[in-house]
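Right, one structure below, let's go through it.
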Amino acid sequence: MLRMSSLFLRTLREDPADAEVPSHRLLVRAGYVRRVAPGVFSWLPLGYIVYRNVERIVREEMDAAGFQEVHFPSLLPREPFETTGRWTEYGDTLFRLQDRKENDYLLGPTHEEMFTLLVKGEYSSYKDLPLVIYQIQTKFRDEARPRAGILRGREFVMKDSYSFDVTDEGLAISYGRHRDSYIKTFERLGLEYVIVSAMSGAMGGSASEEFLAPTVVGEDSFVRCSGCDYAANVEAVQTPAPGPADATGIPAAHAEDTPGTPTIDSLVAVSNERSDLARPDRQWTAADTLKNIVFTVTNPDGTSYPLAVGLPGDREVDLKRLEAVLQPGVPGPFDEAEFARHPSLVKGYIGPGSLGESNASGIRFVVDPRVVDGTRWITGADTAGKHVYDLVAGRDFTADGILDVAEVREGDECPACGAALLLARGIEIGHIFQLGRKYADALGLRVLDEHGELVTVTMGSYGIGVSRAVAAIAEQSHDDKGLVWPREVAPADVHLIATGKDDAVFDAAEAIAAELERAGVRVLLDDRRGVSPGVKFNDSELIGIPTIMVVGKRLADGFVEVKDRSTGERTDLEVGRAAAAVAAMCGR
RNA sequence: CGGGGCGUAGCGUAGUGGCUAGCGCGCCUGCUUUGGGAGCAGGAGAUCGGGAGUUCGAAUCUCCCCGCCCCGACCA
């Protein structure tokens with residue numbers, strides 16, 4: 001039994017100044033966590049109980065699926081990460097350190113290498129597979145900008161599991177088992193979630209889905225189809241390419257003087273104002289222009305290369321989408337020095353005439369999927385103050401490839417059914433993906449198959465953010481008074497308050513608490529003497545235990561009150577029957 | 001990485017060159033109070049984020065660093 005009189009807890013009457021998002025604000029105010037460094041938090045007793053409940057549920061569901069728990073160190077040697085290239089690829093995000101002999105170590109950001117090597121050391125036959133092992137472990141990532149309390153920390157706890165199979169079919173089965181297990185886990189955690197298609201990012205590999213908890217403070221944007229069950233992270237949305245357009249009758253491309261039109265808006269305005277440029281049938285729009293943006297992509301090893309992206313002028317490049325496809329390269333601006341190095345590029349008037357591996361600049365030129373053969377564009381003429389009209393894709397220029405990195409908008413076409421897409425934000429609480437053979441190849445994880453041939457094992461990698469899930473639940477489950485925990489993760493089932501100054505209420509509360517405990521109900525008893533009722537009521541609402549009982553004023557009439565934290569519904573129960581009734585309410 | 005804002009006791013804050021750094025919450029002692037963050041009285045608690053400088057004098061001005069929050073990252 002937890003007692004408020006001795007619990008290591010201090011609730012705050014006011015919001016901490018540095019906390020913006022509700023989960024951060026409330027977890028600090030209610031005394032669940034305290035910050036110790038940027039993106040690094042301590043768990044206080046109530047918070048640690050919630051954290052362990054979440055961890056327990058995750059573990060129980062893993063075990064129920066037949067997966068086996070192992071435990072790796074956080075302190076890892078450099079070598080395996082060197083072998084897979086991630087010592088470099090991870091860049092500044094990796095926490096690096098040296099021992100007294102100046103050997104390089106790192107604090108594990110994730111453990112693919114370690115799992116792969118462990119299995120390699122033990123197993124060498126197809127008969128040993130399939131295998132799924134997992135751990136619940138503290139991870140370290142030196143994020144550029146930790147934010148939102150424990151939602152994005154630099155030290156956090158993750159459940160990561162890995163499957164090992166001989167065949168692609170086996171991998172698909174292991175993947176499916178994880179998917180099912182995750183669904184059960186998140187249901188038990190009381191989290192609302194959406195499963196979306198995702199990019200595999202820095203991990204490499206193919207099929208990948210994310211479990212996102214929808215909330216406005218989420219860092220991931222995703223789309224959901226209004227017509228079918230398609231859902232995808234915006235990074236993974238595939239823009240449907242229209243069929244080839246008929247370019248018959250479009251006049252030959254012609255360059256026009258368009259002084260003072262360095263922006264799309266000014267170009268469209270001038271094109272519509274001037275009779276020699278105007279379209280007879282309708283006004284020009286930004287979507288008729290082909291905007292060409294040049295980036296400098298920097299590799300982890302410090303080398304860099306230019307990349308030009310052409311897309312309809314009414315769209316922006318979504319930097320996150322671009323980053324996702326260029327990984328591990330990082331796109332940055334094409335600065336003045338770069339322009340100086342490529343004299344064929346005229347700032348503000350860059351066009352397909354200079355872009356492309358076979359043209360003057362030699363810069364790789366990729367276009368949006370909407371730029372299909374036969375489409376007609378206004379675009380830069382590679383001369384200051386000039387644009388080209390009636391430039392037809394496929395007829396007048398050919399790009400080096402397709403790159404789907406334009407911003408995704410609400411209302412865009414669903415790639416699965418064509419209906420309008422809805423845009424929302426969410427917190428990534430789980431990620432499952434079919435890694436394939438990248439790590440097994442790099443680290444030489446091979447087994448003998450039934451024909452005695454050495455084959456490379458195929459892997460899956462699956463993660464749940466355990467500490468993040470605590471914040472995600474808080475984010476989804478609170479009101480203006482405080483937290484509202486789902487019962488299974490709550491620090492207790494019942495918050496039992498004794499109010500008044502008579503010994504009678506405290507004695508009665510003690511008796512009820514004892515009876516509840518005997519029935520297996522977890523109790524937080526507010527047995528503080530001399531603390532006014534308002535303080536106790538407010539604390540109980542802030543702390544967010546699902547059932548609140550009050551032994552006070554009405555005890556004289558033989559009643560205690562029960563309040564449901566989430567609905568606010570109150571009922572009076574006879575003292576003698578209260579404990580049994582509440583135990584039933586708590587499912588005991 | 002860039003821009004802006006901010007950093008004063010455990011928490012929230014006032015204090016724009018002047019003498020003992022103020023207030024509220026919280027904490028301690030005493031008395032009163034007990035159904036929605038009680039009252040009175042007394043008290044403890046701050047190297048004013050850190051460092052360097054300007055000045056007779058710095059929380060206050062300057063520079064550097066650290067940290068926090070927000071916005072942005074290319075518009076061709």
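Within every chain, numbering begins at 1; the chains are lettered A, B, ... in the order of the sequence lines, protein sequences first and strands thereafter. It should be emphasised that the depicted structure is a prediction, and the values quoted were computed from it without experimental measurement.
- Going from atom CG of A:Asp368 over to atom P of B:C75 covers 19 Å, rounded to whole Å.
- The partner of B:A44, taking Watson-Crick or G-U wobble pairs whose two distances both stay under 3.5 Å, does not exist in any strand shown.
- Backbone-only engagement by A:Glu20 is indicated by non-hydrogen atom pairs under 4.0 Å involving sugar-phosphate atoms exclusively.
- At a threshold of 4.0 angstrom between heavy atoms, the contacts of A:Phe537 include nucleobase atoms, whether or not backbone atoms are also involved.
- Here B:C11 presents its C1' atom at 5 Å from CG of A:Leu12, a figure rounded to the nearest Å.
- Place A:Thr11 and A:Glu316 on RNA chain B by their nearest nucleotides, and A:Thr11 ends up nearer the 5' end.
- In this structure, A:Leu44 places its CG atom 13 Å from P of B:C11, rounding to the nearest Å.
- Heavy atoms of A:Val294 sit nowhere under 4.0 angstrom from any nucleic acid atom.
- When both pairing distances are held under 3.5 Å, B:U16 makes no Watson-Crick or G-U pair with any nucleotide shown.
- B:G49 and B:G3 are spaced 22 Å apart, taking the C1' atom of each and rounding to whole Å.
- Under a cutoff of 6.0 Å and an axis angle of 45°, A:Arg34 and A:Trp43 do not form a cation-pi pair.
- At least one side-chain nitrogen or oxygen of A:Lys501 sits closer than 4.0 Å to the OP1 or OP2 atom of B:U34.
- B:U13 and B:G7 are spaced 12 Å apart, taking the C1' atom of each and rounding to whole Å.
- A donor-acceptor contact under 3.5 Å is formed by the side chain of A:Arg570 with the base of B:G36.
- Using a cut-off of 4.0 Å between Lys/Arg side-chain N and Asp/Glu carboxylate O, A:Glu541 and A:Lys536 are scored as not salt-bridged.
- When rounded to the nearest whole Å, the span between CG of A:Asp539 and P of B:C25 equals 16 Å.
- Under the Watson-Crick or G-U wobble criterion, with both distances below 3.5 Å, B:A9 is left unpaired in every strand shown.
- When only modelled atom types and interatomic distance are considered, A:Thr110 and A:Arg141 share no side-chain donor-acceptor pair under 3.5 Å.
- Nucleotides B:A21 and B:U47 have their P atoms positioned 13 Å apart, rounded to a whole Å.
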Test side chain to side chain donor-acceptor pair (under 3.5 Å) on A:Thr547 and A:Asp564; report intermediate values, then the result. CA-CA 5 Å; A:Thr547 303; A:Asp564 184 293; 5.7 Å; no
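- For A:Ala17, the side-chain atoms get nearest to B:U13 when compared with the rest of B:C68, B:U13, B:G36.
- Between the P atom of B:G35 and the CD atom of A:Glu541 lies a distance of 16 Å, rounded to the nearest Å.
- Look at A:Arg3 and A:Glu510 and you find a salt bridge, because one of the NZ, NE, NH1 or NH2 atoms lies within 4.0 Å of a carboxylate O, short of that distance.
- Interatomic distance, A:Thr499 OG1 to A:Arg554 CZ, rounded to the nearest 0.5 Å: 12.5 Å.
- When both pairing distances are held under 3.5 Å, B:G72 makes a Watson-Crick or G-U pair with B:C1.
- Atom-to-atom, CG of A:Asp142 to C1' of B:C1 comes out at 15 Å; the value is rounded to the nearest Å.
- Crowding of A:Tyr48 atom OH: a count of heavy atoms from other residues, nucleotides or ligands under 6.0 Å not exceeding 12.
- Spacing between B:C11 and B:C27 at atom C1', rounded to whole Å, works out to 12 Å.
- Nucleotides B:U60 and B:U8 place their C1' atoms 11 Å apart, quoted to the nearest Å.
- When Watson-Crick and G-U wobble pairs are counted only if both distances are under 3.5 Å, B:C61 pairs with B:G53.
- Among the atoms of the strands shown, only primed sugar atoms or phosphate atoms (P, OP1, OP2) are found under 4.0 Å from some heavy atom of A:Asp15.
- Under the Watson-Crick or G-U wobble criterion, with both distances below 3.5 Å, B:G36 is left unpaired in every strand shown.
- Here the separation of B:A59 from B:A44, taken at their C1' atoms, is 23 Å to the nearest Å.
- Between B:G35, B:C11, B:C75, one nucleotide has an atom nearer to the side chain of A:Val550 than all others, and that is B:G35.
- The NE2-C1' distance, from A:His495 to B:G36, rounds to 14 Å in whole Å.
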Derivation of the salt bridge (charged side-chain N to carboxylate O under 4.0 Å, His left out) call for A:Asp288 and A:Arg282: CA-CA 11 Å; A:Asp288 295 315; A:Arg282 62 167 173 87; 2.9 Å; yes
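- Remark: P of B:C70 and CD of A:Glu219 are 11 Å apart, rounded to the nearest angstrom.
- If you take OG1 on A:Thr93 and CZ on A:Arg154, they are separated by 11.0 Å, rounding to the nearest 0.5 Å.
- Comparing B:G57 with B:G42, their C1' atoms sit 35 Å apart, to the nearest whole Å.
- Of the residues in residues 557-566 of chain A, A:Glu561, A:Lys563 come within less than 4.0 Å of RNA chain B through at least one heavy atom, sorted by number.
- With B:A38, B:G35, B:G12 as the candidates, the nucleotide lying closest to the side chain of A:Ser532 is B:A38.
- Among the heavy atoms of the strands lying under 4.0 Å from A:Arg554 is at least one base atom, whether or not backbone atoms are also near.
- Nucleic acid contact class of A:Arg35 (heavy atoms, under 4.0 Å, all strands): sugar-phosphate only.
- Taking atom C1' on both B:U16 and B:A58, the two are 11 Å apart, rounded to the nearest angstrom.
- With no hydrogens or angles considered, a side-chain donor-acceptor pair links A:Ser221 and A:Arg425 at under 3.5 Å.
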